[in-house]
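Right, one structure below, let's go through it.
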2 protein chains.
Amino acid sequence: MLKYSGQIRLLVAVDCIILGFDGEGYKILLIQRGFAPEKKKWSLMGGFVQPQESVDEAASRILGELTGLKSVYLEQLHTFGAPGRDPVERTIAVAYFALIDIQKYEKQLSKEYHAEWFPLKEMPELIFDHSQMVEMAKNRLRYKAALHPILFELLPEKFTLPQLQALYEGLYDTTFDKRNFNRKLLSTGLFVKQKDKDKDSSKKGAFFFKLDQGKYLNNFQAFLKFIPNPEKFLVP
Amino acid sequence: MLKYSGQIRLLVAVDCIILGFDGEGYKILLIQRGFAPEKKKWSLMGGFVQPQESVDEAASRILGELTGLKSVYLEQLHTFGAPGRDPVERTIAVAYFALIDIQKYEKQLSKEYHAEWFPLKEMPELIFDHSQMVEMAKNRLRYKAALHPILFELLPEKFTLPQLQALYEGLYDTTFDKRNFNRKLLSTGLFVKQKDKDKDSSKKGAFFFKLDQGKYLNNFQAFLKFIPNPEKFLVP
DNA sequence: GCAAAAGTGTTAATCTTACACCCATGC
DNA sequence: GCATGGGTGTAAGATTAACACTTTTGC
């Protein structure tokens, strides 16, 4: 089935930037590369696109192999195609980023790949152009989260307002006024207050909220200003 | 230099969505495919990534071959990788979109490809998944133009406020109040009023403006709300 | 002199921000 | 009883949106 003669064919890989939140801060899931070159160095989880699967399917498959997760938020980020980016052989990398709730899935991580969660701020040096991919994923997430309710992909079903605020503050590495923050978030109407409280992180306890799933799915495209002064934080 | 054994290699193509504005409306530059399958059907300008060039370079090269243009706004859009998208042979397509000022460059179009500008709203059926690519490019442009001063890539050096308004109204297929529109745009401080007027499109004539290049380059990332109620128009 | 398009200000409503105190509880 | 973190309201300022008339000039 090779019919465009005279053209070269290239390896096409998928690399996944897997970001998580554990209630404390952002983490990234990395694997220790098991083969040369750069053996033992840390790397994004990746793999080659197979003959019968789409690139999107390859990304899902690779994410599933590492974490056992299906139906995780997964979005194509960017394609990296410099000729020398993989020294072994020219490879085009399509980068995807995934958002997962670490607490929910921690135990499902495959042992096979020596995967480890790193605090995003203490990420080790990565192979090839993977650091650049992570940087781009961070920017994309900041951009998107300023406008769309995407960060809920990182939270458990039930969450508290202080947790939510920590999630936003961690992403933008800043602090927000909790009165204004709560008012803005609640005004979206996306949340349903629960009767029970999270008593783990304070004496008084903070009420749990759940997403109103119907509104969430219908309002994802809603263009909301979740953070003040977005221009300070965003890179287009 | 084939060292990742056992993996298949794929054709990697670049397809360019070339959008222009001619003072009247948005246009898209298409070529008539010169070979089977789908010969004579309309198509985006594309080509294969060559051994020594990056994917970005391939996009620039392909754009240059068709239009003779260098230093045009060109941004990677998305990678399309379904197995059957090109019936001839499996090909991964990295789509880019370009913005150009038609009036400036009209005459440089290469004859070689039977290229033609179509009003974006009267675009013919395209081969493969190219229509989907165009749809995505439109959404991306709408999204980006609502927040960043990107549409100036479509205008000549000197432009008038009514032209600018037509540019925005055309993109969102709506109308804006000209008092509010002018005030909002001018409040960005990105424009320098000229002494001369454009007398072609009205009797009274409209003053020309130029971009303040310094501010434009420094403020591109500025996060401005160029259109009211963006949530009505945007798809994330 | 009139048709056609350019240009210009004000007001009301809404949204955003800054800011400080009380509440509930575990220890 | 006190330390810790959760929860709430208001007022001033800024921004946005709605709205109509005058100006210029080519014909």
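Here is how names work: the chains are called A, B, and so on, in the same order as the sequence lines, proteins then strands, and each is numbered from 1.
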Original post:
Between B/Phe152 and B/Phe191, does the ring centre distance come in under 6.0 Å?
Top reply: yes

Subject >> Under-3.5 Å donor-acceptor pair between A/Lys204 side chain and C/dG26 base >> reply: no

**OP:** Tell me which nucleotide among D/dG5, D/dG9, C/dT8 gets nearest to the side chain of B/Lys193.
**Re:** C/dT8

**OP:** Could you state the atom-to-atom distance from CG of B/Asn182 to P of C/dA6 in whole Å?
**Re:** 10 Å

Original post:
Does the side chain of B/Lys199 get closer than 4.0 angstrom to OP1 or OP2 of D/dG26 through an N or O atom?
Top reply: yes

Original post:
Is a side-chain donor or acceptor of B/Tyr168 paired with a backbone partner of B/Leu151 at a separation under 3.5 angstrom?
Top reply: no

Original post:
Which part of the nucleic acid, if any, lies within reach of A/Thr160 when heavy atoms closer than 4.0 Å are counted: base, sugar-phosphate only, or nothing?
Top reply: nothing

**OP:** Nearest whole angstrom, please: distance from the C1' of D/dG7 to the CD of A/Gln163.
**Re:** 16 Å

Original post:
To the nearest Å, how far apart are A/Arg183 CZ and D/dG6 C1'?
Top reply: 16 Å

**OP:** Please assess B/Leu147 against A/Tyr143 for the test side chain to side chain contact (heavy atoms under 4.5 Å, CB included), listing each intermediate value before the final yes or no.
**Re:** CA-CA 11 Å; B/Leu147 303 168; A/Tyr143 199 94; 3.3 Å; yes

Original post:
So, is A/Lys184 near the phosphate of C/dT17, with a side-chain N or O under 4.0 Å from OP1 or OP2?
Top reply: yes

Original post:
Just how far, in rounded Å, is P of C/dT25 from CG of A/Asp200?
Top reply: 15 Å

Original post:
To the nearest Å, how far apart are B/Phe159 CZ and C/dA6 C1'?
Top reply: 16 Å

**OP:** Can you check whether any acceptor in the base of D/dG6 is under 3.5 Å from a donor in the side chain of A/Arg179, or vice versa?
**Re:** no

Original post:
Closest nucleotide of DNA chain C for B/Asp177 versus for B/Pro162: which of these residues is on the 5' side?
Top reply: B/Pro162

Original post:
For atom NZ of A/Lys215, is the number of surrounding heavy atoms from other residues, nucleotides or ligands below 6.0 Å larger than 12?
Top reply: no

**OP:** Could you state the atom-to-atom distance from NZ of A/Lys197 to P of D/dG6 in whole Å?
**Re:** 10 Å

**OP:** Give the rounded distance in Å between these two atoms: CG of B/Leu161 and P of D/dT23.
**Re:** 20 Å

Original post:
Taking the side chain of B/Lys203 as its heavy atoms from C-beta onward, which of D/dG6, C/dA4, C/dA18 lies nearest to it?
Top reply: C/dA4

Original post:
Rounding to a whole Å, what distance do you find between A/Gln165:CD and D/dT8:C1'?
Top reply: 14 Å

Original post:
Among D/dG7, D/dA18, C/dA6, which is the nearest nucleotide to the side chain of B/Asn180?
Top reply: D/dA18

**OP:** For B/Gln76 and B/Val94, indicate whether the former's side chain and the latter's backbone hold a donor-acceptor pair under 3.5 Å.
**Re:** no

